[in-house]
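Just so we're on the same page: letters track the sequence lines, and every chain starts at 1.
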Amino acid sequence: MPVVTRFAPSPTGSLHLGNVRTALFSYLWARKSGGRFILRIEDTDVERSRRHFRDELLAELAWLNLEWDEGPEVGGPSAPYAQSERGLLYSTLFARLEAQGEAYPCYCTAEELQLSRKLQRMAGSPPRYAGTCRELGAAARREREAHGARPTLRFAVPAGRQVEFVDLVHGAQRLQTDDIGDFIVRREDGSAAFFFCNAVDDALMGVTHVLRGDDHLTNTPRQLLVLDALGLRRPAYGHVGLLVGADGAPLSKRHGSTSVQEFRDRGFLSAGLLNHLFRLGHAGDVDGWLEPAAMPAHFRPEHLGKAPARFDEAQLVHWQREALARMSPAAIGAWLNIADDARFVELIRHNVILPQDAAPWLAVLRGDLAPLGDEERRVVAAAGPAFFAAAVAAIDQVGADLRRLAKLIGERMGRKGAELYMPLRVALTGRTHGPELAPLLELIGPQLARRRLEVHAQDP
RNA sequence: GCUCCCUUCGUCUAGAGGCCUAGGACACGGCCCUCUCAAGGCUGUAACACGAGUUCGAAUCUCGUAGGGAGCGCCA
């Protein structure tokens with residue numbers, strides 16, 4: 001059965017890792033079943049919504065290849081896909097709720113409500129709307145409006161009932177309506193509030209499966225109540241465990257990078273990030289690398305996790321390596337921004353995880369060597385000036401050919417293996433590790449190589 | 001405070017009463033290969049939060065405890 005899923009971000013900030021993960025799961029589920037994936041922009045909060053966040057969001061999703069079948073830019077049967085443009089739709093629904101007596105205008109001010117909540121908290125009871133405006137008569141309402149009061153619209157939560165639903169990941173849930181206060185569905189400025197428009201749009205757009213963070217689990221009954229009151233079809237909800245930092249606390253700035261953009265800017269590859277996200281709070285049926293195109297087939301919605309998953313950059317790095325290993329030299333060149341030098345790319349590709357790792361090797365080819373560290377100095381000292389004098393003589397004879405060079409030096413100095421190669425590596429590159437030496441030497445060239453060897457040929 | 005949710009190696013996870021001497025992946029250690037690093041091959045260390053109960057038998061079921069998290073907003 002085709003599954004219709006959606007991703008419904010609000011353009012009030014950068015796309016968070018936790019959000020893309022649910023976007024990915026939603027996308028995969030739709031693709032797996034041959035269904036549809038919808039993108040909806042939840043921009044009802046005009047204060048905080050920004051156009052550039054929206055654009056960035058779309059760009060990151062595109063970068064990750066999470067293509068939406070309906071939504072901004074591509075349109076679809078349920079357009080418009082930005083909530084800021086769906087006001088008309090909402091107002092007919094508000095009217096219906098009001099006519100049915102399932103919603104009522106509330107004239108309490110934000111300050112009054114805040115005070116009331118504070119008082120309730122102090123008294124040790126849950127902070128819930130007291131119901132002040134629920135029983136207001138028509139005359140009282142007229143009077144308040146005459147004084148210029150602009151009401152919000154509250155949903156009248158029925159007393160003494162239970163709301164039941166089966167969560168896709170947590171199983172059967174049952175909540176008491178008495179634990180829920182009357183909540184706002186329309187703000188003072190006339191805009192729709194989250195509990196309302198989020199639920200209503202899912203139903204209206206034909207969404208069958210909603211995947212979202214655990215933090216919404218206890219809010220779900222509210223949305224179900226709204227849907228039921230309006231006679232709209234309930235989607236199935238699945239609440240996945242949250243994505244948290246290494247310390248188990250909600251992912252935040254102090255954990256380092258948390259937005260997709262940051263990882264992208266640092267040079268992480270989308271395929272690697274996707275492979276990592278695929279396994280956070282989810283178990284597919286393979287351990288190894290998955291091409292993004294193969295992911296839908298291996299996605300297992302019944303293996304979505306309840307427990308919070310910790311984001312560990314070490315694992316991301318692993319998938320980055322895997323992604324790199326599968327890239328063409330041309331693609332790596334472009335990624336490193338040195339597309340013109342194919343031999344160099346091929347040489348250093350296994351010593352690079354992020355583009356910045358290429359810089360030292362570029363310097364080895366073109367610039368000056370960094371000062372030697374302790375270990376490097378020991379290697380040079382152990383070889384001795386005579387070794388390097390022999391190396392200089394050898395390079396004058398055979399040029400930048402490591403095999404012939406090593407043979408000459410080896411014969412003259414009676415050395416082989418690490419004793420022979422390591423001093424050469426250190427003198428030539430300034431480090432004890434790095435890519436294969438022979439091609440590196442070729443790229444360095446005889447002149448530069450000679451100068452670097454000569455430095456160590458003198459007595460210290 | 002009230003309500004709800006969660007808990008298997010350091011991390012991501014497999015596990016739906018006997019297949020578990022708890023499996024895999026990442027990370028970490030060792031060995032092989034090798035001038036080094038990376039890759040690759042082999043290999044090692046490492047977990048059922050705790051306590052009761054049900055059962056012939058429990059990581060799996062029930063209850064409790066502890067710890068963590070979320071919600072209770074004119075944010076989403």
Side-chain angles (χ1 to χ4, degrees), chain A residues 8-10 12-13 19 42-45 47-49 83 106 108-110 113-114 117 120-129 150-154 167 169-170 173-176 178-181 183-189 191 193-195 197-198 212-222 239 241-242 244 246 248-250 276 278-288 302-303 305-319 321 324-325 348-353 379 402 406 416-426 429 431-438:
Chain A
S10 60
T12 55
N19 290 134
E42 306 223 325
D43 52 357
T44 55
D45 184 352
E47 293 283 302
R48 299 200 302 149
S49 293
Q83 290 185 327
C106 170
C108 300
T109 66
L113 294 169
Q114 207 176 350
R117 273 194 295 273
Q120 292 180 72
R121 241 180 242 279
M122 271 164 29
S125 53
R128 276 201 275 278
Y129 181 62
R150 302 193 52 200
T152 61
L153 190 68
R154 272 185 197 275
D167 188 271
V169 348
H170 291 274
Q173 302 290 312
R174 194 208 316 265
L175 281 303
Q176 310 297 324
D178 290 344
D179 290 328
I180 307 171
F183 53 93
I184 289 175
V185 290
R186 188 186 62 211
R187 304 190 187 96
E188 189 180 325
D189 66 3
S191 64
F194 171 80
F195 289 136
C197 54
N198 176 266
R212 38 152 54 158
D214 240 354
D215 48 341
H216 289 294
L217 186 60
T218 50
N219 288 151
T220 306
R222 268 168 254 266
H239 293 92
L242 291 175
V244 299
H276 184 40
F278 182 78
R279 294 164 172 88
L280 275 177
H282 167 250
D285 54 8
V286 282
D287 272 326
E302 68 280 13
H303 279 267
K306 309 185 228 237
R310 294 178 194 227
F311 177 78
D312 179 3
E313 200 166 297
Q315 304 211 21
L316 210 212
V317 166
H318 170 254
W319 297 114
R321 272 206 189 91
L324 242 20
I348 65 159
R349 61 180 294 171
H350 298 299
N351 289 275
V352 167
I353 289 170
V379 170
L402 186 69
K416 56 179 183 167
E419 282 201 310
L420 171 61
Y421 285 92
M422 206 27 105
L424 291 175
R425 170 177 289 282
V426 170
T429 71
R431 306 167 147 213
T432 52
H433 345 283
E436 239 190 302
L437 195 52

Figure out the CZ/C1' separation between R186(A) and A76(B), and round it to whole Å. 20 Å
Strictly below 4.0 Å: does H303(A) bring a side-chain N or O up to OP1 or OP2 of A14(B)? yes
Should we say atom CD of E302(A) is surrounded by more than 12 heavy atoms from elsewhere, each under 6.0 Å from it? yes
Using the ring of each side chain (for Trp, its six-membered ring), is F183(A) parallel, tilted or perpendicular to F195(A), with breaks at 30° and 60°? perpendicular
Give a yes/no on whether any side-chain N or O of R187(A) is located under 4.0 angstrom from OP1 or OP2 of A76(B). yes
Quick one: label N351(A) by what it contacts on the DNA or RNA (base, sugar-phosphate, nothing), any heavy atom closer than 4.0 Å. base
Would you mind classifying the nucleic acid contact of F311(A) as base, sugar-phosphate or nothing, using non-hydrogen atoms under 4.0 angstrom? nothing
Just N and O in the side chain of T44(A): are any of them under 4.0 Å from OP1 or OP2 of A76(B)? yes
Could you check, using the six-membered ring where one of them is a Trp, whether F194(A) and H216(A) have ring centers closer than 6.0 angstrom? yes
Taking any strand in view, what nucleotide pairs with C37(B) in a Watson-Crick or G-U wobble way, both distances under 3.5 Å? none
Identity of whatever pairs with G10(B) - Watson-Crick or G-U, under 3.5 angstrom: C26(B)
With a 3.5 Å cut-off and heavy atoms only, can you find an N or O donor on one side and an acceptor on the other between the side chain of R425(A) and the base of C35(B)? yes
Using a 4.0 Å heavy-atom cut-off, does Q315(A) contact any base of the nucleic acid, only the sugar-phosphate backbone, or nothing at all? base
For C19(B), the Watson-Crick or wobble partner whose two distances fall under 3.5 Å: none
If we call it a pair only when both distances are under 3.5 Å in a Watson-Crick or G-U wobble match, what pairs with G71(B)? C2(B)
Hey, does the side chain of R321(A) come within less than 4.0 Å of C26(B)'s phosphate (OP1/OP2), counting only N and O? no
Inter-nucleotide C1' distance (U34(B), G69(B)), Å rounded: 49 Å
Tell me whether the OP1 or OP2 atom of C26(B) has a side-chain N or O from H318(A) closer than 4.0 Å. yes
What contact category does P9(A) fall into here, base, sugar-phosphate, or nothing, at under 4.0 angstrom with non-hydrogen atoms? nothing
Give a yes/no on whether any side-chain N or O of R117(A) is located under 4.0 angstrom from OP1 or OP2 of G1(B). no
Nearest 0.5 Å, please: how far is CZ in R212(A) from CG in N219(A)? 7.5 Å
Counting only heavy atoms from other residues, nucleotides and ligands, does the tally under 6.0 Å from CD of Q114(A) exceed 12? no
Just N and O in the side chain of H216(A): are any of them under 4.0 Å from OP1 or OP2 of G71(B)? no
Scan every strand shown for a Watson-Crick or G-U wobble partner of G53(B), both distances under 3.5 Å, and answer none if you come up empty. C61(B)
Can you check the distance between C19(B) and A58(B), where both ends of the measurement are the P atom (answer in whole Å)? 11 Å
S10(A) near the nucleic acid: base, sugar-phosphate alone, or nothing, with a heavy-atom cut-off under 4.0 Å? sugar-phosphate
